[in-house]
Amino acid sequence: MPENVYETTELLSQYLLFHYGGSVEQLPYPFGPHNALNYPARCIGECVDASQLTRDSRALDLGCAVGRSTFELARICGQVLGVDYSRSFIQAATRLKADGSLPYQYKIAGKVHRPALARVDPAIDRNRVSFEVGDAQEFKNTSGAYEVVLAANLLCRLPNPRRLLHRFTTLVAPGGQLVITTPLTWLEAFTPEENWLGATPETGDTLRLLETELNPSFSLQRTHDMPFLIREHARKYQWSVAQASIWSRSP
């Protein structure tokens, strides 16, 4: 088996910067796509309707990576669980919960790195948050349904994304919110082609397939495009545009 890239020091560093880095750390060039920064927080601010939530509301962040969106959900929910398949990501998120900060280094070029510090906003009650290692398709949910479920940039990294879609009826509480964002980067290294949701001439549009799989339990509320930027080093970036779809669970 090839090495899991999501367990490498390089990817951990990239994701800590992606989640917690300042705008200058992530993108020092004034001509760059600055509207693509702060993506994990924007997944909450742009996609979750806080007016429907109370202090007792519970949220589930599937594919939480190093936890920024999980902490952001704790601003508007009383209890939040972040789940990710990467042990190194969850270890980092757990340390951020315990200490509020985590030192790391990000790449400038080659073997040249710069020290940085990932920080959780002190205004966030970290006691509302917990993390665990788990497979989004298989993890044992013993806590009942959630008022908010976020699956950010997760679907096209699963072996069988339909399995997760079919679980949402038990994970999202009646009347609850489901947020799915995905850059639709279907690769056989992660998902066998026969399990892709769209992106082939035979299967067609991904959003249409999501509606087919989620109906009638969920109704589509809205969609929009969400750019995001992942820095590899000082002169190489991944600029992507995720498709965000926001769904409401039938009462």
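Computed from heavy atoms alone, side chains included, the values below leave out hydrogens, waters and symmetry copies. Not measured: the values here are computed from a predicted model.
L158 and V172 fall within the same hydrophobic cluster, where Ile, Leu, Val, Met, Phe, Trp and Tyr residues are linked whenever their side-chain heavy atoms come under 4.5 Å apart, directly or through other members. Using a 4.5 Å cut-off between side-chain heavy atoms of Ile, Leu, Val, Met, Phe, Trp and Tyr, with links allowed through other members, V129 and L53 fall into the same hydrophobic cluster. A single hydrophobic cluster is seen to contain both V80 and Y20, as judged by linkage of ILVMFWY side chains at heavy-atom distances under 4.5 Å, directly or through other members. In terms of hydrophobic clustering, with Ile, Leu, Val, Met, Phe, Trp and Tyr side chains grouped at heavy-atom distances under 4.5 Å, V133 and L171 are assigned to different clusters. A continuous path of ILVMFWY side-chain contacts below 4.5 Å connects F168 to L197, so both sit in one hydrophobic cluster.
Scored by the side-chain hydrogen bond (donor to acceptor under 3.5 Å, both in side chains) test, H34 finds no partners at all (sequence neighbours excluded). Under the ring-ring contact (aromatic ring centres under 6.0 Å, His included) criterion, Y29 pairs with F31, sequence neighbours left out.
Around atom CZ of R119, no more than 12 heavy atoms belonging to other residues, nucleotides or ligands sit under 6.0 Å away. The 12-atom threshold is not exceeded at OH of Y85, counting heavy atoms of other residues, nucleotides or ligands nearer than 6.0 Å. Heavy atoms of other residues, nucleotides or ligands lying less than 6.0 angstrom from CZ of R114 number 12 at most.
Put simply, the side chain of R157 reaches to within 4.5 Å of the side chain of L187, judged on heavy atoms. Taking 4.5 Å as the limit, some side-chain heavy atom of L210 sits within range of a side-chain heavy atom of L155. At least one side-chain heavy atom of P33 sits less than 4.5 Å from a side-chain heavy atom of L229. A heavy-atom distance below 4.5 Å is found between the side chains of I180 and L165.
Here the straight-line distance linking atom CD of Q243 with atom CG of N153 works out to 11.5 Å at 0.5 Å rounding. The CG atom of L81 lies 8.0 Å from the CG atom of N141; values are rounded to the nearest 0.5 Å. Rounding to the nearest 0.5 angstrom, the gap separating the CD atom in E147 from the SG atom in C77 is 7.5 Å. The line from OH of Y39 to CZ of F228 is 5.5 Å long, rounded to the nearest 0.5 Å. Atom CG of residue L214 and atom OG of residue S248 lie 12.0 Å apart, to the nearest 0.5 angstrom. The SG atom of C47 sits 12.5 Å away from the CD atom of Q221 when rounded to the nearest 0.5 Å.
Distance alone, capped at 3.5 Å, places no donor-acceptor pair between the N38 side chain and the A41 backbone. At distances below 3.5 Å, at least one donor-acceptor pair connects side-chain atoms of R128 with backbone N or O atoms of A74. Put simply, the side chain of H113 gets close to the backbone of K111: a donor and an acceptor are under 3.5 Å apart. Listed for the R249 side chain is no donor-acceptor partner under 3.5 Å among the backbone atoms of L178. A side-chain donor-acceptor contact under 3.5 Å links R58 to the backbone of S143. Side-chain atoms of E7 come within 3.5 Å of backbone N or O of S88 as a donor-acceptor pair. Of the possible polar contacts, none joining the S13 side chain to the T9 backbone as a donor-acceptor pair under 3.5 Å is found. Side-chain atoms of R222 never come within 3.5 Å of backbone atoms of A244 as a donor-acceptor pair (strictly under, hydrogens ignored).
Taking all atoms of both residues into account, the shortest heavy-atom contact from P216 to S250 is O-OG, 3.1 Å. Here the shortest heavy-atom pairing between T191 and P161 reads CG2-CD, 3.9 Å. Shown here for T182 and C156, the closest heavy-atom pair between the two residues is OG1-SG, 3.6 Å. Between A152 and C43, the closest heavy-atom pair is CB-SG, 4.2 Å. Nearest heavy atom pair, residue L154 against residue A136, reads CD2-CB, 3.8 Å. The heavy-atom pair separating R231 from Q26 by the smallest distance is CD-O, 3.5 Å.
Comment: R75 engages E72 in a salt bridge, judged by a side-chain N to carboxylate O separation of less than 4.0 angstrom.
Defined by atom type and a distance below 3.5 Å, a donor-acceptor pair is missing between the side-chain atoms of D84 and Y6. Counting only N and O atoms by type, the side chains of S101 and D99 include no donor and acceptor under 3.5 Å apart. Remark: the E232 side chain and the Q238 side chain contain an N/O donor-acceptor pair separated by less than 3.5 Å.
The side-chain contact (heavy atoms from CB on, under 4.5 Å) test with S245 singles out one residue from T181, L220, V179, and that residue is L220.
Side-chain rings of Y15 and F89 approach one another, their centers coming within less than 6.0 Å.
Identified under the ring-ring contact (aromatic ring centres under 6.0 Å, His included) test for residues 131-162, with sequence neighbours left out: F71-F131.
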